[in-house]
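Just so you know, these numbers use all the heavy atoms, side chains as well, and skip hydrogens, waters and symmetry mates. Predicted model, so just to flag it, every value in this text is computed and none were measured.
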Number of protein chains: 4
Amino acid sequence: MPSRLLSDKFCAVRAKRERRKEARPGELLDAALDLFVEKGFAATRSEEVAARAGVSKGTLFLYFPSKEELFKAVISENLAGRFEQWNAQFAAFQGSTPEMLRECVQIWWDNIGSTKVSGITKLMFSEGRNFPELAQFYREQFVAPAHELLRRILQRGIDRGEFAPVDLDLAVYTVVAPMVFLMLNRHAADICGDGRTPMDPAQYLALQTEFILAGLAAGPGQRKP
Amino acid sequence: MPSRLLSDKFCAVRAKRERRKEARPGELLDAALDLFVEKGFAATRSEEVAARAGVSKGTLFLYFPSKEELFKAVISENLAGRFEQWNAQFAAFQGSTPEMLRECVQIWWDNIGSTKVSGITKLMFSEGRNFPELAQFYREQFVAPAHELLRRILQRGIDRGEFAPVDLDLAVYTVVAPMVFLMLNRHAADICGDGRTPMDPAQYLALQTEFILAGLAAGPGQRKP
Amino acid sequence: MPSRLLSDKFCAVRAKRERRKEARPGELLDAALDLFVEKGFAATRSEEVAARAGVSKGTLFLYFPSKEELFKAVISENLAGRFEQWNAQFAAFQGSTPEMLRECVQIWWDNIGSTKVSGITKLMFSEGRNFPELAQFYREQFVAPAHELLRRILQRGIDRGEFAPVDLDLAVYTVVAPMVFLMLNRHAADICGDGRTPMDPAQYLALQTEFILAGLAAGPGQRKP
Amino acid sequence: MPSRLLSDKFCAVRAKRERRKEARPGELLDAALDLFVEKGFAATRSEEVAARAGVSKGTLFLYFPSKEELFKAVISENLAGRFEQWNAQFAAFQGSTPEMLRECVQIWWDNIGSTKVSGITKLMFSEGRNFPELAQFYREQFVAPAHELLRRILQRGIDRGEFAPVDLDLAVYTVVAPMVFLMLNRHAADICGDGRTPMDPAQYLALQTEFILAGLAAGPGQRKP
DNA sequence: AATGAATGAGAGTTCATTCAT
DNA sequence: CATGAATGAACTCTCATTCAT
């Protein structure tokens, strides 16, 4: 069939160029994430981003109207709701709540903490004040859903008698803080390492999680006196 | 008498001026710390620092040869070690080790966490990569002594049978991480808040400390299966 | 029959395309004239010209090697002298010289002043300094013949006793100036209007022509006392 | 007196620098007017303006926050109302209205037409469309007062029987048009010269004025048939 | 012939740093 | 010592122009 042939030819001709065109934004966003995390938003020159993506300065602005919009796109791209899936996954969880929390931490580590996406948190801590609307966006898209998920897990543990009652708002932070610490330290050249042997994040996470579980099991303050 | 009056006035003016003159570097460092913490190194203009210190642009460069040297001075100046005192204080501590850890956290909070000094940590996390020598300096002056102090406390607990045996290298991080989290979040416009009620750092610290103590008491991994 | 239909369609499409192909340069010149007149040469983007002509950026440069050459072509193309015809027409004129002048003005208004061609004058006034060769070309092709035609008319009036003797060089400008004024004001968003009611160019022209005729009849300076 | 001495010294020390500082904006505005008129706003580079004013690029932006603001300042600076004085002057005029008109034209020529202020009109014609708010400002500050002044003069002539009745709105343009023509042609490299001998604006103005007076005396249209 | 993705020189603007006063 | 006007390197962004498709 001629039409098919024509169509094939058309596709072949367009293929390479189009593939690049479609791949460009992603390549640029990857490069931008790398550099922003490494050097900070302000200290990263647009041209560097372009160069790392293998294109020229001008091309960057073909896809993103400004450096700030590029920043926003980096956030959007990488924080696009993973929470839908995770919320569903944990809603269907059958095991004990301590297992649930361990799995939650593991999933976070595998998908975010150990990947370069964790750099976004570093970015927000470093540059958030200079970009309030971005900070707000980050809070809405990432922080709030995370807090909600953790609250549901903790509440489940309390409801099932696995955890002693506890101020959920605070308890959530006991889970969040180590994650944030790992994400920031990872992208700050292990600034909080003691300079001897590097800390193993997976082991730290495991220990930290057990501490949290011990604390939740014991109930807050009961051994204070 | 006019001449006397004038002379007195002149002396008064001169005295104030000289007092200010000697205070200049400190005022500039204070102003710089505030602004660097708030906006980042690159995003802070030299003129702003000078203005906040109440002097002109030129005067800043009279005391610090460059913006970068100013940054280094800000870090160095504020890292004046308090560990000598603290080490002595804790070497003489008589009570239980959990009490010791609680006091340690409290002292940190009162002297560092809740004060402007916490901004130094924010700065090191944000800009450390661009100032490797400073990062190393910070690790030596601040991180290493802190880790050592905490190690000694934890070791004391184990030695006295108050804590179960634990990997000290990892356990230290369970104490450090919440501190770092608080210091950074404080200077990042509560970027990790969920946007509802702001978290109370003191309450969070208390809960987090009890969790750590529960974990240390229980021993790691014992409830894992 | 599908094939016939297709074929017909194809031919129709092709025919239209070829017709367009030949029209391309003209369409581009029209678009360029519009935009250059409206926004100036520097402020007009090549892509806009192409877009208004309904082609892509690349196509523009297929027909004109540079934006500057496009500008030159816009001027040259629209300066196609009509003076041969007009000179012949006025050489054969039979009526009175005032009638002749009125007709001259009318012809100018109908063919140039009220049409897009007037934009050329706007362009030369705005950009002439940046294109000296074009300015010279414009003077030769347009200004000089116009002045000569007007001189012949005025001389005829003097010769026939209809006009008092007058410095022809100056008198020509009294005819030219209102024309230039109208052409420029037209393309400058009525910048010389007082903001109340818009001026009617035809009425203004008529009045202005009568003033000129009155002046020519009276002779210059005679009432100066 | 010491205080006087001190004050003198102070003034002497400051003098040179301050004089320059106060002169800078004016020098920059002059340079900008020259270049904008000569090359157009868009085609003039900021650095050129600075260079012509004898300063560096950065200094320009010390006094004007952007190129566009510089443009606005050029307009504002040079259009500062001269009409107060002129209106008063003509309100008190005692002679005949033809004399009044001649004087009006002369004053315009001496103060505007023959000076570089006339370049502003060129600017407005060339770039006005790209800066609508500036165009409006120009109309309000310059065009409208000028039209009103001319209307009053013409009306006086009619009232005193020196001029035949005429449509004032149109008649005003017969006076304005030659002025505009001269201002534009002057700044467009005599684009409307015929290339032979340059036209003498003063002589042209005189002749043109007499034509207008002849026309006004005769009344419009009366010799049409 | 036509397209539009890509380029990179160049323009506007900022700001650390200098230095005459 | 202190000032702040001046500088110019560096950065973001634009757009005329090219060329693979």
Choosing from E:dT7, F:dA16, F:dT14, which nucleotide comes nearest the side chain of C:K67? F:dA16

Side chain of A:L62 - closest among E:dT18, F:dA16, E:dA5: E:dA5

What integer distance in Å separates A:L60:CG from F:dT14:C1'? 13 Å

With side chains defined as the heavy atoms from C-beta onward, is the minimum distance between C:S126 and C:F36 less than 4.5 Å? no

Let me know, please, whether A:S56 or C:G58 comes out on the 5' side of the other along DNA chain E by nearest nucleotide. C:G58

Report yes if the side chains of A:E133 and A:E68 come closer than 4.5 Å at any heavy-atom pair, otherwise no. yes

B:T59 side chain near F:dA2 phosphate (N/O to OP1/OP2, under 4.0 Å): no

Provide, to the nearest angstrom, the distance between the CG atom belonging to D:L28 and the P atom belonging to E:dG12. 14 Å

Whole angstroms only, please: what is the CZ-P distance between B:F61 and F:dA6? 18 Å

Between atom CG in D:L70 and atom P in E:dA11, what is the gap in whole Å? 16 Å

Could you state the atom-to-atom distance from CD of C:E69 to C1' of F:dT17 in whole Å? 14 Å

Whether C:S46 contacts F:dC15 is assessed here as follows: a side-chain N or O lying under 4.0 Å from the phosphate OP1 or OP2. Is that the case? no

Start with the C-alpha distance between A:F71 and A:F131, add both sets of side-chain angles, then the distance that settles side chain to side chain contact (heavy atoms under 4.5 Å, CB included), and finish with yes or no. CA-CA 10 Å; A:F71 193 0; A:F131 301 90; 4.2 Å; yes

How many Å lie between CZ on B:F64 and P on E:dT17, as a whole number? 13 Å

Phosphate contact (E:dG4 OP1 or OP2) by C:K57 side-chain N/O below 4.0 Å: no

Does any nucleotide pair with F:dA5 by Watson-Crick or G-U wobble geometry, both distances under 3.5 Å, and what is it? E:dT18

Could you tell me which non-hydrogen atom of B:F61 sits nearest to which non-hydrogen atom of B:S46, and how far apart they are? CZ-OG, 3.9 Å

Measure CD/C:E47 against P/F:dT18 and give the value in whole Å, please. 16 Å

Would you say A:Y63 reaches E:dA5's phosphate, i.e. side-chain N/O to OP1/OP2 under 4.0 Å? no

E:dA9 C1' sits how many Å from D:R45 CZ, rounded? 12 Å

Given E:dT3, F:dC13, E:dC15, which nucleotide is nearest the side-chain atoms of A:S66? F:dC13

Comparing C:E68 and A:F41 on DNA chain F - which has the more 5′ nearest nucleotide: A:F41

Might you point out which heavy atoms bring D:I75 and D:F137 nearest each other, and give the distance in Å? CG2-CD2, 3.9 Å

